[in-house]
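Just below is one structure, and these are the notes that go with it.
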Amino acid sequence: MTHLLFTYLTDEGNDSFFAEAKHRFSTEFVNKFSKYKRWQDAKSTILGRLLLAYGLKNLYQVDINNLKMNFSKDKKPFLENSSIQFNISHSNDVIVCAITSLGDIGVDIEKISDINIQDFIDQFSQTEYEAIISSSNVQEQFYRFWTQKEAIVKANGSGLHIPLNSFEINNHQATVADQCYFLKEIPLNPQYICNVATQNIISDNVMTLTSLNSELITGFGSCNNFKSFC
């Protein structure tokens, strides 16, 4: 089963929120989010980790107090001694977390905004770029391809070792390093484009979409310890 959880960023109760996070998360994770200059980035990072913990505990019945997170050589986070895979992304005021027991997964979300498409021409194949500029909504189509490519790179876990122009999206799928990834666009918000990449085709009956309001996820965070979530 594959699950996607999301929440929205608010500035309500920031003082107590960050105080709780510093008390309940590991020193390593506190040091990580404390380095951000903008409170929005710090809070989004924490909320992403809370979405993951909430999903593991409530959707997979995982004891999060005894779960250890580690990182691959390419700095992709993973859960030790677990077949469950996850990925987190945030843009502007939306934070998403994708969790699955069906192999590698990547998720990317971007808010649609006005950008100069020409600046990114070298990130796409000729076919992809022509599909973008010939679209009836160029900005939306750009972010569709962009989030698809980012989701695939994140699912693969090799990060910057895979240039976005080294593979082509065709019929909602692409092959990277002999591994085929399938894409599914998630309609979270009309102002955003969100795509999930997996090793298996995601049909509607094997994926759930869960929206969590800020009060619920904040309350969950203040009632649990996450010391193993470094």
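The first residue of the sequence shown is numbered 1, and numbering continues consecutively from there. Because the structure is predicted, anything quoted here is derived from the model rather than measured.
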**Asked** Given side chains that start at C-beta, do those of Q173 and Q148 come closer than 4.5 Å, heavy atoms only?
**Response** no
**Request:** Not counting sequence neighbours, which residues clear side-chain hydrogen bond (donor to acceptor under 3.5 Å, both in side chains) with S214? List them please.
**Result:** none
**Spatial distance of atom NZ (K154) from atom CD1 (I105) [nearest 0.5 Å]** = 10.5 Å
**Message:** For N14 and D11, which I'm curious about, is there any donor-acceptor pair between the side chains at under 3.5 Å?
**Reply:** no
**Item:** Minimal non-hydrogen separation, R144 against T147, with atom names
**Value:** O-OG1, 3.2 Å
**Item:** Option from L9, T7, I88 for which side chain to side chain contact (heavy atoms under 4.5 Å, CB included) with S44 holds
**Value:** L9
**Prompt:** If we only count heavy atoms from C-beta on, is the L4 to T210 side-chain gap below 4.5 Å?
**Reply:** no
**Complete:** Looking only at heavy atoms, the pair that brings R24 and S222 closest together is NH2-O, 2.8 Å
**Qualifying ring pair (Phe, Tyr, Trp, His ring centres under 6.0 Å) pairs with a residue from residues 185-207, counting only residues at least two apart or across chains** = none
**Any side-chain donor near an acceptor of the partner, N156 and K76, under 3.5 Å** = no
**Euclidean distance, L102 CG relative to T100 OG1, rounded to 0.5 Å** = 4.0 Å
**Item:** Sequence-distant partners of K184, side-chain hydrogen bond (donor to acceptor under 3.5 Å, both in side chains), two or more places apart
**Value:** D204
**Prompt:** What pairs of residues pass the ring pair (Phe, Tyr, Trp, His ring centres under 6.0 Å) test when at least one of them lies in residues 38-66, not counting sequence neighbours?
**Reply:** H3-Y60, Y54-F220
**Request:** Measure the CZ-CD1 distance between F145 and I117 for me, rounded to the nearest 0.5 Å.
**Result:** 11.5 Å
**Asked** To the nearest 0.5 Å, what is the distance between CG (N87) and CD1 (I99)?
**Response** 10.5 Å
**Request:** Check S89 against I109 and note the closest heavy-atom contact, atom names and distance.
**Result:** OG-N, 3.2 Å
**Prompt:** Is the number of heavy atoms from other residues, nucleotides or ligands within 6.0 Å of CD (Q61) greater than 12?
**Reply:** yes
**Item:** Flag for N165-Q123: side-chain donor and acceptor within less than 3.5 Å
**Value:** no
**Side-chain heavy atoms of S113 within contact of Q139, under 4.5 Å** = no
**Prompt:** How long is the span from the CD atom in Q40 to the CG atom in D93, to the nearest 0.5 Å?
**Reply:** 10.0 Å
**Asked** Which residues satisfy the side-chain hydrogen bond (donor to acceptor under 3.5 Å, both in side chains) test with N189, sequence neighbours excluded?
**Response** Y8
**Request:** Kindly state each residue pair satisfying ring pair (Phe, Tyr, Trp, His ring centres under 6.0 Å) with at least one member in residues 83-120, sequence neighbours excluded.
**Result:** F120-F142, F120-W146
**Prompt:** Centre of F25's six-membered ring, under 6.0 Å away, within 45 degrees of the axis: is that where NZ or CZ of K227 sits?
**Reply:** no
**Prompt:** So, Y129 and Q118: side-chain donor and acceptor under 3.5 Å apart, yes or no?
**Reply:** yes
